[in-house]
Novice: 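Structure incoming, see below.
Given the structure is predicted, the values throughout are model-derived calculations rather than measurements.
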Amino acid sequence: MQTTTRIKLALLCLASIVAADGLEAYIRLPKVSIDTSNVEKVSEGAAFFKERCFTCHSMKYLRFDDVSLNAGINPKDAPKWSADSWKGHPPPDLSLVATTRGVDWLYGYLKGYYYEKGSYDNIMWQNTAMPNPYPDLQGKQKLIMTPEQIRAFHPRFYQVVKLDASGSISAHAFNDKIDALLHYLVYASDPSVEERHSLGPMVLIFMITLSLFAFLLYRDFYRDFD
Amino acid sequence: MSKLGNWLEQRFPVASFLSKNLKEYYVHSSVNFWYAMGAIAFVMLAVQVISGIFLLMYYVPTTEQAFSSIQYMMREVSYGWLIRYLHVVGASFFFIAIYLHMFRALLYGSYKNPREFLWMSGVVIYILMIAIAYTGYVLPWGQMSYWATRVIVSFLTVVPYVGDGLAQWLQGDFVVSSVTLSRFFAFHIVAFPLVIFLFIGIHIVALHVVGSNNPEGVTVNAHKKPAKNLRKKVIPFYPYVISKDLFVVFVALALFLGVVFYAPTFYGFFLEHINQIPANPMVTPSHIHPVWYLSPFYAILRAVPDKLLGVIFMFLSLVILFFLPWLDKSPVKSMRYKGRLSKGSLCVFILSVIMLGYYGMVPATDTHLFWTRIFTVLYFGHFVLMPIYTRIETCKQPPELN
């Protein structure tokens, strides 16, 4: 390859990188696995949601959901915002956020607040309208890579931010809370999981048995031509 | 036959009708599992109709309530989630069955003389399915529902002189609105299904006139009882072929229900994540694309730099299917006896459909567009060059029925 072509290619790569907006595209997020059959965890998350999120965010599609109602998340008590509140960015409803955003992104976002120059920003969504909901619990994180480094190295999530001053609970306990919250959000986005997974095996066993008998029938008929 | 049966038979000869079309309908014994795809499609249609009726009981076709009525149904109606997922996954499985069914026709030359009409009626069904799938996709009124409607209605605006008027006429408003939703709802649940039922009837009648094709491409008289020496080669549809169809249908249903119960959104392929956001005319999604089964056509649309030409090529990619029976000049039907050129071209064609499907779903970067154009050329090349390569290649001699 000629040197000029190489330079052109390098420039092209660089241009495409600079053109892309936001840092979140360059951060490798951990794969979060959520088991919504863990009812305790889901309820714990619901309680945390009620405490820290429900002041601003509604859960409007969970009208008759026991887990939510027991935690005090009742759509009747949900905050109401007009379209122009919060400078035109009213806090969205979160019933389906785990589907639309994906749980990995949510993990990054919920743990992504860092402190810089006297205010908080989020590594997964720069200049997010949402203020940090739990600086007292989490403590202060700081950014340990520059945006240029993030773009260049595609770091893992934990390589980007670091806890600088601890909050009122340990980092471990805070992790647990976020994990529980994610459980609740995933549960809320599709409450049918429990019913699907309890009914699923019976349906599939029935279908496989039926297929087996149909196969035997088919074999039996075609024996006429052997 | 019982007295009542006799009485009915003289007035409404259902028994002899069934007997004539099942027991005394003969096919070649080489028909294999590819021939069960039509049966799967038929069952999926039934699933769509039945789940659709239940959906209708709870769905509200207004822009204010469409999205939330579906969410409430999935959460608060007993087995509402099941009904909805059956319909959503059913649409994708319907298309999977139809694509395999069409591939079978390409593989064994089922469109060739005397089955041209049968093939063309099938293409009409396929186009109607696209129309039903698209109008149905609009109904949940999510972000992609809304923006896909904007894109598709904008196809009409490329028509010279009357384009804008046509678009307004179709959407019933100056913008895509509640009026548009109501009429697409009417198309989806009444107009298109009625027409598709009609054409499925035509398709089956046409099939029973000319008889089923087979992988060996031998001609079989579907309505004549075979001579004694042919009884192992020419077999009645009932009970033999239907037992095979039944088995394949059950396996397909097991797979279908597996997806419904364990991966109903199929990782965002069958139910796109972005469509779980209610429609918002103020926020354009960063990247608009159709569901997987329409993706190849969208890729072709984007491959052509000019909008009008893009729309024309997109429609041509469907319309060209009608001419297939006359483009194929090969003396033999089945790929088993066609030459290397036909086999190679079919492989390239399938590859290009899959790749176009992929490129229709990813953002249109320069590299993607380059490859989309290559595969668009290959897609059309398969058809345009067919009269040439089917003429010049050497085919194997197909067997005679004896």
Novice: So if I take each residue of residues 57-65 of chain B and look for any heavy atom under 4.5 Å from a heavy atom in chain A, which residues do I end up with?
Specialist: none
Novice: About how many Å separate CZ of A:F64 and OH of B:Y72, when rounded to the nearest 0.5 Å?
Specialist: 9.0 Å
Novice: Ignoring hydrogens, what is the shortest heavy-atom contact between A:M207 and B:F250? Give both atom names and the distance.
Specialist: CE-O, 3.5 Å
Novice: Please work out which of the three classes, parallel, tilted or perpendicular, describes the rings of A:Y61 and B:F67, given edges at 30° and 60°.
Specialist: tilted
Novice: Locate the shortest heavy-atom distance separating A:S211 from B:V251; write the atom from each residue and the value.
Specialist: OG-N, 3.7 Å
Novice: Could you list which of residues 258-266 of chain B have a heavy atom closer than 4.5 Å to any heavy atom of chain A, in residue-number order?
Specialist: B:G258, B:V260, B:F261, B:Y262, B:A263, B:P264
Novice: Kindly check if the number of other-residue, nucleotide or ligand heavy atoms within 6.0 Å of CG (A:D77) is above 12?
Specialist: yes
Novice: Is it the case that over 12 heavy atoms from other parts of the model lie below 6.0 angstrom from the CH2 atom of B:W371?
Specialist: no
Novice: Looking at A:R101, A:H197, A:E195, which one has more heavy-atom pairs under 4.5 Å with chain B than the rest?
Specialist: A:E195
Novice: Is atom CD of A:E194 surrounded by more than 12 heavy atoms (other residues, nucleotides or ligands) closer than 6.0 Å?
Specialist: no
Novice: What is the distance from atom OG1 of A:T99 to atom CD1 of B:I277, rounded to the nearest 0.5 Å?
Specialist: 10.0 Å
Novice: Aromatic rings B:F247 and A:F215: how do their planes relate, parallel, tilted or perpendicular, breaks at 30° and 60°?
Specialist: tilted
Novice: Quick check: are there more than 12 heavy atoms from other residues, nucleotides or ligands sitting under 6.0 Å from CZ of A:F213?
Specialist: no
Novice: Kindly give the heavy-atom pair with the smallest separation between B:H273 and A:T100, and that separation in Å.
Specialist: O-CG2, 3.5 Å
Novice: Can you tell which part of B:E76 gets under 4.5 Å to a heavy atom of chain A, answering side chain, backbone, both or neither?
Specialist: side chain
Novice: Going from CG on B:L82 to CG on A:L199, what distance comes out if it is rounded to the nearest 0.5 angstrom?
Specialist: 7.5 Å
Novice: Between A:L96 and B:Q71, is a side-chain contact (heavy atoms from CB on, under 4.5 Å) present by the stated rule, with each step listed?
Specialist: CA-CA 10 Å; A:L96 290 163; B:Q71 282 302 321; 3.6 Å; yes
Novice: With the side chain counted from C-beta on, respond yes when B:S29 and A:Y222 share a heavy-atom pair under 4.5 Å apart, and no when they do not.
Specialist: no
Novice: Rounded to the nearest 0.5 Å, what separates atom CZ in A:F225 from atom CZ in B:R231?
Specialist: 11.0 Å
Novice: What heavy-atom pair brings B:R75 and A:A188 nearest, and what distance separates the two atoms?
Specialist: NH1-O, 2.7 Å
Novice: Measuring from A:D190:CG to B:M74:CE, what's the distance to the nearest 0.5 Å?
Specialist: 5.5 Å
Novice: B:I274 versus chain A, heavy atoms under 4.5 Å apart: side chain, backbone, both or neither?
Specialist: neither
